[in-house]
Amino acid sequence: MGDEEKTGRDFIREIIDEHDRTGRFQGRVHTRFPPEPNGYLHIGHAKSICLNFGIASEYRGKCNLRFDDTNPTKEEEEYVNSIIEDVRWLGFDWEDRLFFSSDYFGMMHDRAVDLIKKGEAYVDDLDAATISEYRGTLTTPGRESPYRNRTVEENLDLFARMRAGEFNDGDKVLRAKIDMGHPNMNMRDPVMYRILHARHHNTGDEWCIYPMYDWAHGLEDSIEGITHSICTLEFENHRPLYDWFLDELGVYHPQQIEFARLNLTFTVMSKRKLLELVKGGYVNGWDDPRMPTISGMRRRGYPPSAIRNFCGRIGVAKINSTIALELLEHSVREEMNRSCPRYMGVLDPLKVVIENLPDDHEDWMDVINNPEDPSAGTRKVPFAKELYIEREDFMEDPPKKFFRLAPGREVRFRNAYLVTCTDVMKEGGEVKELICRVDPDSRGGDAPDGRKVRSTIHWVSAKHALDAEIRLYDKLFTVEDPMGEEGEFTEYLNPGSLVVKKGCRVEPAVGGLNTGDRFQFERLGYFTIDPDTKEGDLIVNRTITLKDTWAKVQQQNV
RNA sequence: AGCCCCGUAGUGUAGUGGUCAAUCAUUCCGGCCUUUGGAGCCGGAGACGGCGGUUCGAAUCCGCCCGGGGCUACCA
C-alpha cells in the first residue's frame, strides 16, 4: 500500500501473498541470506541479498545473515569479514540476527541421533568411491549398502564414536535411510555427516564430524523460524530432501523457493572461477576493480544504490537468463549522473598557451558543481595563460564530423572562454604546443554576440593542476560468454582491461577528495579515488565512461 | 536415457480467458535541445517456440512435439 511500484509482482512475492491469504505463516515473513564463507561476494549474490532483504522490508518482516559454515576445509574468517562488510555496504541491516550454521552443530547432532533412533539413519563404512558406485546412475537404480541394516544400537554406538574421534577421515559416514532406487539421486540415502579432523574457524577443534548441506540447511531455517527459504535453481532437486528431513523430524517447516541465479555478459560468476583469476594473478586480488565482486565494484566506484537499482530492474524468475552488462552500466551511469559532482581533468595533456594573456594571468572562475543538482553549489577553478587540454581534442587536419579544436577554429573552453587556435608548434611531426587567443568578452563561456561554437572542451591550468595516476578499466573479457567458448576462459581475458595513465593533470579541487569519493571528470566519465592514494600520490579509478557518440561515429567510419 | 525445472522483441521483464493489432526498461535507429559529442525530451524498429484441442473468444487452460537448463561430491 502506498507503493508507487506499478510493476508486476514476481512469482516469489506471489507465493508469499498466497501464504498471507491462507495464513500458512500467520502473515509472518522471515527470510535469510546464507552465504558460505569460502570466497568473496559477487554481483550474483547481490541479487540474492536484495531479494531476501528487500522482501523482508516490503512485508515488514526480517532477514537474517547466516553463514553456512559446515565445511571447515574450505571456509575462512577472512571471507566472513568481507561478506559482513559487503552486505552492510550494499545498505542492508540484519540487526542482531547474525548467525552461523556452526552455532547449531550441537542441536544438529542431537536431531541426527533422533533419526537414528527412528531407524531413519545409519552409519555406513563404505568409502566415498564405493558409495558413489552404489548410488547407481541417472537411469539405473542404486544398490543398498551392506551396512544399511545395522541395528539402532549399533548405529548409535558407531555415531557416538565418530563424534568422539575414534575414526579417521572418510572411514565412516552417517546416511539417511530413504530409497536407493529413487529417481531423484538426492534421495538415494544421502550423506548427513562426514568425518573431518579439521579446525573450524568458529568451533575450533570441538567437532570432527560435520553436517552436509542438505541435512543442515533445513534445520537452520527451521530453528530460525524462517518462512521462505529462497535459493537458486540448482537446489530444486534438493527440495524433496529438505522437506523429507523436516517432516521426519516433525519440526517447524519453512517453504523453500528457487529462482534463477544471475548471469552477466562478459563476466564469469562462479566463485571457483573468480578464485582462479585471483590465484592465477590475472587480476590484483578479489577487490580488483575489474572483478564482478562487491568489493571490486566498490573499489571501481559503483554506488551501492546503482547495484540495488540494477537488482530491482532485472526481476526474479525461474528462467535461466543472461543479463546484458550494459544494463548494469546504465544503472551506474544513471546514479552517478544524478549524484556526482563534476571536475575537470586531462588524461593525455597537450599544452596550450594563450597569447593574448599576460604571463601572470590568474582568474578563478565560478563553476557549477552538478548541473543535475543545484544544491551541489559551485566552486572556483583557476584559468591562466598556460593550460592543458586533452590531446585528442585537437586535430591538425580534422575530418568532417570532428567539431573540436583545430587550426583557426574556435571552441569553448568549458566554463571559461571562447578560444581560437592560431598556431601549432611541432617537433618532429608531433604536436608539442598550441598557441591560442581568447575572446576577452566571452568570460564564463558565453559568446558576446551570440555566435555559435560547435563544441566545448575541458582544460586545466598548467601551474595549478595536480598530477595524478588514472587507471582506466574496461571489460575483463573480450567475449560475451567466456565459459561458453572453446578452451580455457582465461584465454579470453581482455588485455586492455586495465590501462594505467600516468602524468594526468587534474584541477586542484580534486586534491580535497577522499578515498572512495565519486565524481565526474567532464566529458570523460565517472571516477573515484582509489585506496592506493597516498599524500602527494593521487590515484584515480575510472568507474565508467560517459556515453560517447563521437566514439560511435569513429567506429562507423572505420 | 530417468527425475525435476523453464520457453513473450537483441537482452531482461509485465501479462493470471475478452479491455493484447501485448507492458516497462535496456539496446539500436532517427529528431529536438544543450556551455559535457554528457544529461534530458520526442519518435521509430523489434516478441507470445510449433502443432492440435477446449471455448463465442487462448500469450493465458489441456495434450503432444521441439528447444534450453539442472541433477550421478564424504561441496554448498
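Chain A is the first sequence line, chain B the second, and so forth, proteins listed ahead of strands; every chain is numbered from 1.
When both pairing distances are held under 3.5 Å, B:G63 makes a Watson-Crick or G-U pair with B:C51. Judged by Watson-Crick or G-U wobble contacts below 3.5 Å, the nucleotide B:G12 has B:C24 as its partner. The base-pairing partner of B:C3, taking Watson-Crick or G-U wobble contacts with both distances under 3.5 Å, is B:G70. Pair assignment for B:G40: B:C32, on the basis of Watson-Crick or G-U wobble contacts that are both within less than 3.5 Å.
Residue A:R404 is classed as a base contact, given a heavy-atom separation below 4.0 Å to a base. Residue contacts for A:T70: at a heavy-atom cut-off of 4.0 Å it reaches the sugar-phosphate backbone alone, with no base atom in range. Residue-level contact check: A:T549 touches the backbone only, with heavy atoms under 4.0 Å from sugar-phosphate atoms and none from bases. Using a 4.0 Å heavy-atom criterion, one finds that A:P141 contacts no nucleic acid atom at all. The residue A:H217 sits apart from the nucleic acid: no heavy atom pair falls under 4.0 Å. Nucleic acid contact for A:T265: none, since no nucleic acid atom lies under 4.0 Å from a heavy atom of the residue. Within the 4.0 angstrom heavy-atom criterion, base atoms lie near A:F402. At a threshold of 4.0 angstrom between heavy atoms, the contacts of A:N38 with the nucleic acid are absent.
The nucleotide whose nearest atom lies closest to any side-chain atom of A:T322 is, among B:A76, B:U72, B:G12, B:G12. Out of B:C75, B:G38, B:A25, the shortest distance to the side chain of A:R313 is found at B:A25. The side chain of A:A317 lies closest to B:U13, out of B:U13, B:A39, B:C75. Checking B:G12, B:A76, B:G37 against every side-chain atom of A:S321, the shortest atom distance belongs to B:G12. Side-chain atoms of A:D10 lie closest to B:A14 of the nucleotides B:U26, B:A14, B:G37. In this structure, of B:A76, B:C28, B:G37, it is B:G37 that holds the atom nearest to the side chain of A:W550. Comparing B:U27, B:U36, B:A76 against the side chain of A:H330 picks out B:U27 as the nearest. Nearest nucleotide to the side chain of A:D68, out of B:U26, B:U36, B:A76: B:A76.
Put simply, the side chain of A:Q554 and the base of B:G37 share no donor and acceptor less than 3.5 Å apart. Taking 3.5 Å as the limit, the base of B:U36 and the side chain of A:Q520 contain a donor-acceptor pair of atoms between them.
Contacts between residues 128-136 of chain A and RNA chain B, counted as heavy-atom distances below 4.0 Å, involve A:A128, A:I131, A:S132, A:R135, A:G136.
The stacking criteria are not both satisfied for A:Y213 over the base of B:A76, which would need a centre-to-centre distance under 5.5 angstrom and an angle between ring planes under 30 degrees.
Checking A:L546 against A:V191, the closest nucleotide of RNA chain B that is more toward the 5' end is the one next to A:L546. Both A:E326 and A:E522 lie near RNA chain B, and the one whose nearest nucleotide falls closer to the 5' end is A:E326.
Using a 30° and 60° split on the angle between ring planes, A:F33 and A:H45 fall in the perpendicular class, above 60°. Taking the six-membered ring where the residue is Trp, A:F383 and A:Y417 present tilted rings, their angle falling between 30° and 60°.
The pair A:R451-A:E410 meets the salt-bridge criterion, since a charged nitrogen lies less than 4.0 angstrom from a carboxylate oxygen. With salt bridges taken as basic N to acidic carboxylate O contacts below 4.0 Å, none links A:R404 and A:E390. Residues A:E335 and A:R518 are not paired through a salt bridge, judged by the lack of any N-O separation under 4.0 Å between the basic side chain and the carboxylate. Taking 4.0 Å as the cut-off between side-chain N and carboxylate O, A:R414 and A:E522 count as a salt-bridged pair. Taking a cutoff of 4.0 Å between a charged side-chain nitrogen and a carboxylate oxygen, A:K380 and A:D366 qualify as a salt bridge. Salt bridge annotation for A:E220-A:R32: absent, with no cationic side-chain nitrogen under 4.0 angstrom from a carboxylate oxygen.
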When you compare the protein's N or O atoms with those of nucleotides 1-7 of chain B, which come within less than 3.5 Å of each other, and at what distance?
residue	atom	partner	partner atom	Å
B:G2	N3	A:L138	O	3.0
B:C5	O2'	A:E236	OE2	3.3

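The CD-P distance, from A:E335 to B:U26, rounds to 15 Å in whole Å.
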Residues 128-136 of chain A, side-chain donor-acceptor partners within the protein, below 3.5 Å, at least two apart:
residue	atom	partner	partner atom	Å
A:T130	OG1	A:D127	OD1	2.7

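The side chain of A:R9 places no N or O atom within less than 4.0 Å of a non-bridging phosphate oxygen (OP1 or OP2) of B:A14.
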